[in-house]
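Below is one structure; the comments refer to it alone.
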Amino acid sequence: MRVGAVLVAVLLTGGVAAGSPAATQQPPPADPGDLRVEAGVAPGAGVPDPRPGEAFADPKVADLQRTASGIQRELGDLAGQVKAAQDGVAAAGDKLRLAKADRERADAEVATQQKEVDAFSRAIFTAKGRPGSLQLILTADSAKDLLDGASMLAKISGDTDVKLRAALDRHRRAVAAEDQAAGAERQATALKDEVVRRDGDARNRADAVSSELRGPAGAANEAVIAQQKAQQERNSRTTANWKAYTDRLAAAGITPPPAVALRDPAHLPAPLTALTGADGRPQPGVAQLSSGGQRLLVLPKETIGAVTAAVGALGRPFVPHDGGEGPVAYSCDGLVRSVFGGAGLPLPAAAGEQFARGVPAGQAQPGDLVFVGPAKYGVQSVGIVLDERTMLAADGRLAGVVVTDLPAGDSVLGYSRPSLGERASAPVPQRAAGELTWRCGGVELPPRPQGSDQAAGAWGGYPNGLIPSAALCPLGTGSHVLRCDAAQSFQALSQAYAGVFGTPMCVTDSYRTFAQQVDLYRRKPSLAAVPGTSNHGWGLAVDLCGGPESFSSPQYAWLAANSRGFGWAHPGWARAGGGREEPWHWEYAGR
């Protein structure tokens, strides 16, 4: 990109930009396939991680966190399997106890019938107590008495035999049922032992990867801190340089004119003169002033107001999706719309619409908008030009409002000058079919399906648990913070909750650093997620108190019925019977 001589004079005299060395510009990395992840990795490594959407490149951290995430998913599955196996053992044990009790009753019944048989047999031989054949012959008075007695004797003997055979049959069935139940219990116990063994193996691997992560994560954290410090210094230099520029205007006695006064370079207010572009033509919307042998760039009042507001927003966090117009957090298009609209130059909401209705600039000047591609991703980002090397933008991968390098090559889709007003909509590049959705410099993960209980997913360019505090937003209770869209939605949910129960939601845990994850995992390995995998580490989860920590409470019932409308969900694994019951744990799934 070329700039006019006036801008060069501004730079040489410590004007608009930070003046930091220009970095080698590269377009966003090529899409390696249908890989919809944006798990941040640490800055400073020389070998780039090919996954799109990652601001930093430390493959070791990325690989370890992917491994840890896989183990965490395995542990989640195994938790359900362990519970199912334990329930199976308990059910098999219940069946075995019932079968054993039935067999014992059959034992008693056989014993009873055997006693009757024994008593009948003794009666036959002793001719006492029961009529025997010999007695019948000796005592019968007639042939009829003999026949009647023989029939009665046969019936008694048959009844005894039937009862005994029935008792023996029931006993055989009871013994078989008991043997079958015992076998089922042994199988259930063996299955449980195998699942517990697999769970123990997974936990050993979790311990190993957690231990292995500590060193690289510590180095990554130091790199993140260093990167944030360098970013803060760059932001501060830009703030100072911008103030120096506006001070120079004041010292020169210049009151910045309104935008309408600079739109026609042939009719500029005195003593301003037109700024000639590289094509030799005077540029509309800007002017210059000769002062003390130097030329000073003069921008419209509205543009100066917009850039001043944007500089004042430096360091504020980036917010994905909705709610990006500040004042707490911004998206790239939300920032541009907010500061220019506040200065009296209204713009459309989305970056693509801003590009479609913007007036192209001849050569970019401070306060112009730069639109970022490349074209196959559509208009994915917009920033405010500061000078020939830098822009100010709310950046999705750096997770904040920052001074960053201007894009280069085919990543630049074009420029516009808001002070020139809007034009009729014009076609803009559209994202190609199958390409990842980029927004504000980072990959925007696809929305969760309606009704999903899964957290919104990884975001930004930092590792799990190593997100700087400047990239997070407060919940309004204690020191708790979350990703900014999650924080905004939580505050709305808490307000609705307070309308029902009289007090806002009570929070015990929100964003959890990697070190805190390690400490919790060390103390509660059966409860905590593997370090580097927790949704607390993405700033997308809270643990609640004051009622919701009980499944039977009205607070839990209200959240279960209403939280999804605010973008929050209770994950399946944490529900009653889910394997790791945590009624207090809720995650931001997005709207």
Applying side-chain contact (heavy atoms from CB on, under 4.5 Å), can you list everything that pairs with Pro320, at least two apart in sequence or on another chain?
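For Pro320, the residues satisfying side-chain contact (heavy atoms from CB on, under 4.5 Å) (neighbours in sequence not counted) are Phe318, Arg483, Asp485.
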Sorted by chain and number, sequence neighbours left out, ring pair (Phe, Tyr, Trp, His ring centres under 6.0 Å) with Phe355 holds for Phe371
What's the spacing between [X] [atom1] and [Y] [atom2] if we round to 0.5 Å?
{"X": "Leu466", "Y": "Glu222", "atom1": "CG", "atom2": "CD", "result": "11.0 Å"}
{"X": "Leu314", "Y": "Ser236", "atom1": "CG", "atom2": "OG", "result": "8.5 Å"}
{"X": "Ser425", "Y": "Glu353", "atom1": "OG", "atom2": "CD", "result": "8.0 Å"}
{"X": "Leu369", "Y": "Thr303", "atom1": "CG", "atom2": "OG1", "result": "9.0 Å"}
{"X": "Gln380", "Y": "Ser411", "atom1": "CD", "atom2": "OG", "result": "8.0 Å"}
{"X": "Leu392", "Y": "Asn235", "atom1": "CG", "atom2": "CG", "result": "7.5 Å"}

To check you understand the geometry: which heavy-atom pair defines the closest contact between Ala261 and Pro257, and what is its length?
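For Ala261 and Pro257, the tightest heavy-atom pair comes out as CB-CB, 4.1 Å.
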Verify side-chain contact (heavy atoms from CB on, under 4.5 Å) between His536 and Asp509, making sure each step is shown before the conclusion.
CA-CA 8 Å; His536 283 288; Asp509 204 0; 4.3 Å; yes
Hey, is [X] close enough to [Y] for a salt bridge, meaning N to O under 4.0 Å?
{"X": "Asp543", "Y": "Arg512", "answer": "yes"}
{"X": "Arg337", "Y": "Asp333", "answer": "no"}
{"X": "Asp405", "Y": "Arg234", "answer": "yes"}

As a quick check of understanding, evaluate side chain to side chain donor-acceptor pair (under 3.5 Å) for Ser563 and Trp586, giving each step before the final call.
CA-CA 9 Å; Ser563 63; Trp586 295 76; over 6 Å; no
Would you say CZ of Arg281 has more than 12 non-hydrogen atoms from neighbouring residues, nucleotides or ligands within 6.0 angstrom?
no
Can you confirm whether more than 12 heavy atoms, excluding those of Gln495, are under 6.0 Å from its CD atom?
no
Donor-acceptor under 3.5 Å ([X] side chain, [Y] main chain):
{"X": "Ser494", "Y": "Pro504", "value": "no"}
{"X": "Arg397", "Y": "Gly441", "value": "yes"}
{"X": "Arg417", "Y": "Asp368", "value": "no"}
{"X": "His480", "Y": "Val507", "value": "yes"}
{"X": "Gln354", "Y": "Pro348", "value": "yes"}

Would you please test Val382 and Leu335 for side-chain contact (heavy atoms from CB on, under 4.5 Å) and show each step?
CA-CA 9 Å; Val382 58; Leu335 173 68; over 6 Å; no
